[in-house]
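Below is one structure; the comments refer to it alone.
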Amino acid sequence: MPTGTPIASLIASDASAAGTSIELTGWVRTRRDSKAGISFIQISDGSCFDAFQIVAPSDLANYESEVLKLTTGCAIRCRGELVESRGKGQSLEMKAVEIEVVGWVEDPDSYPLQPKRHSFEYLREVAHLRPRSNTFGAIGRVRHCLAMAVHRYFHENGFLWIHTPIVTANDCEGAGEMFRISTLDMMNAPRNEDGQVDFSQDFFGRESHLTVSGQLNVETWCCALSKVYTFGPTFRAENSNTSRHLAEFWMIEPEIAFADLTDNADLAESMLKYLFKALLEERQDDMAFFQQRIDKTCIDRLEKFIESSFERMEYTEAISKLEKAVAGGKKFEFPVSWGIDLQSEHERYLTEELVGRPVVVMNYPKDIKAFYMRVNDDEKTVAAMDVLAPGIGEIIGGAQREERLDVLDARLDEMGLPKEDYWWYRDLRRYGTVPHAGFGLGFERTIVYATGMANVRDVIPFPRTANNAEF
RNA sequence: UCCCCUGUAGCUCAAUUGGUAGAGCGAGCGGCUGUUAACCGCUAGGUUGCUGGUUCGAGUCCAGCUGGGGGAGCCA
């Protein structure tokens with residue numbers, strides 16, 4: 001392997017490891033000199049939260065010429081011996097016999113990351129370097145840990161990962177504005193007789209876009225393989241400028257056959273618990289950092305989440321709870337009555353004030369929900385569910401799907417959607433139809449909830465938002 | 001897209017009723033110490049986001065533009 005011993009494996013080892021020869025590679029965090037004839041170098045390699053201390057004695061060949069000139073950000077390779085530390089703060093350290101500078105920081109004064117606290121807004125402007133900071137290193141590891149846990153959870157429970165397409169030619173859900181993709185010459189697009197752009201001459205022979213959801217595609221595989229999921233990037237061209245929206249984000253969308261809304265909520269609960277349990281077990285170092293520096297309650301919050309059962313609430317019940325709150329003097333900007341879509345302030349009240357933890361709201365009025373959601377027997381509501389979390393709002397949106405062709409068609413008509421556009425989706429209801437359900441979990445929102453980070457732009461490596469795709 | 005806040009040194013922020021800019025950190029140099037977000041001293045650094053206006057005088061007031069943030073809508 002080209003790289004040295006991961007620091008993570010050194011942190012995990014005890015004093016008995018002293019005496020072994022090792023090689024370390026990484027980036028300098030800080031250097032402190034002691035005129036006793038040594039320098040202390042903190043080196044970080046990303047394998048864990050902690051940096052590792054290298055003790056550089058002044059008899060190194062390049063001590064004066066190079067070691068004393070190391071600054072934050074320099075890439076180095078060190079060979080030496082693992083020894084018990086004589087200082088406080090670490091049990092082991094490396095006594096270097098050779099330090100090779102692999103990459104200098106050409107102008108230390110202009111290196112954007114200093115060994116001090118930076119604002120997240122500033123770090124977004126140096127997104128190519130921010131993974132070298134404590135917070136973003138931790139975010140990187142947490143994000144990986146949760147992504148792996150997603151796949152492990154589904155794999156262990158018999159789900160198959162379906163790679164749904166990124167390019168789509170149908171705006172199936174109307175789930176927001178889409179990004180068009182085209183190979184047509186924008187300055188000189190072919191026109192049809194009506195003067196409209198003639199997309200039949202475009203690459204796919206029709207108008208095509210980046211996906212806003214893999215749901216409709218994954219439903220087709222669900223209706224053959226029973227338990228499936230997608231996990232990939234999703235795109236929305238909405239001009240939303242908030243701390244919880246991205247133009248490109250990652251979404252987890254499981255879909256289960258022979259299942260109803262209760263099974264769906266059970267799945268969401270089971271999966272989230274699994275994810276947070278894995279996070280607390282596998283990333284104790286990073287979570288301790290988030291607890292200390294970002295959000296004091298984050299670990300406690302996850303532990304409680306894992307222990308307690310999901311709070312479940314009917315939409316109708318949620319409305320009456322909100323009405324009761326209004327009667328009790330609670331002020332909302334938007335009025336509450338049965339039939340409204342819950343506003344952010346209402347969701348906040350339910351999850352933050354009334355319940356104090358995530359809550360599943362189920363069975364919404366059909367008029368405010370999508371065409372594919374199953375109409376309940378009361379014919380007023382559909383089997384939809386949202387999982388609302390304190391601080392972030394909706395992290396999951398899901399539903400039992402309408403499996404009855406006649407009802408589905410009626411809904412399409414109601415909403416003025418052309419049936420022919422959904423011919424293959426309708427086929428599922430004609431050939432061996434089956435009750436099935438699924439949901440979408442916003443990956444970035446999940447990370448925000450878990451870590452206490454305030455903005456989804458800071459839990460994805462390169463955030464894409466309106467007017468921002470610099471990196 | 002709408003509402004609100006904001007843009008001063010590499011970074012985080014100061015600058016009284018408008019009176020021509022300061023600190024900490026970082027950086028460079030020196031000192032000291034098995035140091036650990038080390039400590040002490042010295043030095044360098046800014047056409048105050050851009051354009052225009054009001055004024056004897058604008059970082060400060062006004063207008064437009066532009067960047068950033070928060071909230072709303074939409075959603076995940």
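Naming: A, B, ... by sequence-line order, numbering from 1 per chain. Values reported hereafter were calculated over all heavy atoms of this structure, with side chains retained and with hydrogens, waters and symmetry mates removed.
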Under 3.5 Å donor-acceptor pair, A/S240 side-chain atoms to B/rC75 base atoms: no

Residue A/E121, side-chain heavy atoms: nucleotide from B/rG34, B/rG28, B/rG69 that is nearest: B/rG69

Which residues share a salt bridge (charged side-chain N to carboxylate O under 4.0 Å, His left out) with A/E219, sequence neighbours left out: A/R401, A/R429

Side chain of A/Q42 - closest among B/rG34, B/rC74, B/rU36: B/rU36

Nucleotide nearest A/T30 (side chain, heavy atoms from C-beta), chosen from B/rG73, B/rU35, B/rA38: B/rA38

Nucleotide nearest A/S243 (side chain, heavy atoms from C-beta), chosen from B/rA72, B/rG71, B/rU36: B/rG71

Shortest side-chain distance from A/Q114, nucleotide among B/rU35, B/rA76, B/rG26: B/rG26

Under-4.0 Å side-chain N/O to phosphate OP1/OP2 contact, A/R124 with B/rG69: yes

Any-strand Watson-Crick or G-U partner of B/rG7, both distances under 3.5 Å: B/rU66

Exceeds 12 heavy-atom contacts within 6.0 angstrom, atom CG of A/D59: yes

Ring-on-base stacking B/rG10 with A/Y111 (under 5.5 Å, under 30°): no

is_close_aromatic(A/Y349, A/F332), centroid dist under 6.0 Å: yes

Under 3.5 Å donor-acceptor pair, A/H245 side-chain atoms to B/rC75 base atoms: yes

Touch class at under 4.0 angstrom, heavy-atom based, for A/V55 against every strand present: base

Selected nucleotide, minimal atom distance to A/E93 side chain, candidates B/rC11, B/rA76, B/rU35: B/rU35

Watson-Crick/G-U partner (both atom distances under 3.5 Å) of B/rC32: none

A/Y449 six-ring centre to A/R301 NZ/CZ under 6.0 Å and within 45° of normal: yes

Chi-angle category of B/rG34 [syn within 90° of 0, anti beyond]: anti

Sugar-phosphate only, base, or nothing, as touched by A/L113 at under 4.0 Å among non-hydrogen atoms: nothing

Nearest-nucleotide pick for A/Q90, side chain only, options being B/rG70, B/rU35, B/rU33: B/rU35

A/V101, A/I99, A/I76 screened by side-chain contact (heavy atoms from CB on, under 4.5 Å) with A/V67, the one that passes: A/I99

Minimum-distance nucleotide to A/S85 side chain [options: B/rG34, B/rA72, B/rA76]: B/rG34

Candidates B/rC25, B/rA76, B/rU1 - which lies nearest the side chain of A/E394: B/rA76

Sugar-phosphate only, base, or nothing, as touched by A/T71 at under 4.0 Å among non-hydrogen atoms: sugar-phosphate

Pairing partner (Watson-Crick or G-U wobble, both distances under 3.5 angstrom) of B/rU43: B/rA27

Pairing partner (Watson-Crick or G-U wobble, both distances under 3.5 angstrom) of B/rG22: B/rC13

Nearest listed nucleotide, side chain of A/R32, among B/rU12, B/rC75, B/rU36: B/rU36

